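Note that the coordinates shown come from a computational prediction; the quantities given were computed from them, not determined experimentally.
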Amino acid sequence: MINPADSVAMVLEDAKKGDTIQTPGGEITLLEDIEFAHKVSLVELAEGQPVIKYGEEIGYMLCPAPAGTWIHDHNMGCERGKK
């Protein structure tokens, strides 16, 4: 997590379902395996909600995702580079 406004953070090592991570907002339990350098939701994200990383919107949720969810192209959309 880089910016206090971030709704996701990057895991810095392979992580397993049930592992916990410490965030400024408290402890989060991972709901699924997450590979090194992939994103995890820090808060509950609703369908259509912007995903914030480095304080910037990087995409939007395609479906709801509770805190601890792996965030990647299977559940996050992005229009950048599609034009």
Name all pairs fulfilling the side-chain hydrogen bond (donor to acceptor under 3.5 Å, both in side chains) condition that reach into residues 33-50, sequence neighbours left out, sorted by first residue then second. His38-Trp70
Please report the shortest heavy-atom distance between Leu30 and Ile34, naming the atom on each side. CD2-CD1, 4.0 Å
Kindly check if the number of other-residue, nucleotide or ligand heavy atoms within 6.0 Å of CD (Glu56) is above 12? no
Could you measure the distance from the CG atom of Leu45 to the CG atom of Asn75? Nearest 0.5 Å is fine. 9.0 Å
Of all the heavy-atom pairs spanning Ala65 and Met61, show the shortest one and how long it is. CB-CE, 3.6 Å
Got a sec, which residues hit side chain to side chain contact (heavy atoms under 4.5 Å, CB included) with Leu31, two or more places apart in sequence or on another chain? Pro66, Thr69
Nearest heavy-atom pair of Lys53 and Ile58: which atoms, and what distance? CB-CD1, 3.7 Å
Mind listing the closest non-hydrogen atom pair of Leu42 and Thr23 along with its distance? CD2-CG2, 3.7 Å
Kindly list each side-chain donor-acceptor pair under 3.5 angstrom involving residues 7-20, sequence neighbours excluded, with atom names and distances?
from	atom 1	to	atom 2	distance (Å)
Ser7	OG	Ile52	N	2.9
Asp14	OD1	Phe36	N	2.8
Asp19	OD2	Lys16	N	2.8

